[in-house]
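Everything on this sheet refers to the single structure shown next.
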Amino acid sequence: MPTYLLVAQILVSAALIASVLFQLRGGGIGGIFGQADSVYRTRRGIESTLFKLTIVLVIVLVVLATLIAAQS
């Protein structure tokens, strides 16, 4: 199994973790349990870019995991 695929997977997973953590808002623990403070709103600017980047990173991570599994 090529090492560059493993290194790429580690880097992509670290970037994915960072992008998910940057998306957290100041909702607090109450947001986890479905508190009614959440209001629907659209994503704008950097928040939209970060959301799209997270989706792309998930797709890249799945592709890398598939390639690594196929070569094993």
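In this structure, CG on Leu57 lies 10.5 Å from CG on Leu64, to the nearest 0.5 angstrom. Remark: Gln71 CD to Leu6 CG distance equals 9.5 Å, nearest 0.5 Å. A distance of 4.0 Å separates CD in Gln9 from CD1 in Ile68, rounded to the nearest 0.5 Å.
Ile17 and Ile10 fall into different hydrophobic clusters, where Ile, Leu, Val, Met, Phe, Trp and Tyr residues are linked whenever their side-chain heavy atoms come under 4.5 Å apart, directly or through other members. Taken together through direct or relayed side-chain contacts under 4.5 Å among Ile, Leu, Val, Met, Phe, Trp and Tyr, Ile46 and Leu16 form parts of separate hydrophobic clusters.
Residues passing the side-chain hydrogen bond (donor to acceptor under 3.5 Å, both in side chains) test with Thr54 are Ser19, Gln23, sequence neighbours excluded.
The other members of the hydrophobic cluster of Val7, by chain and number, are Leu11 (side-chain heavy atoms under 4.5 Å, ILVMFWY only).
Val60 and Val12 make their closest contact through CG1-CG2, 3.9 Å (heavy atoms, listed as atom of the first residue, atom of the second, distance).
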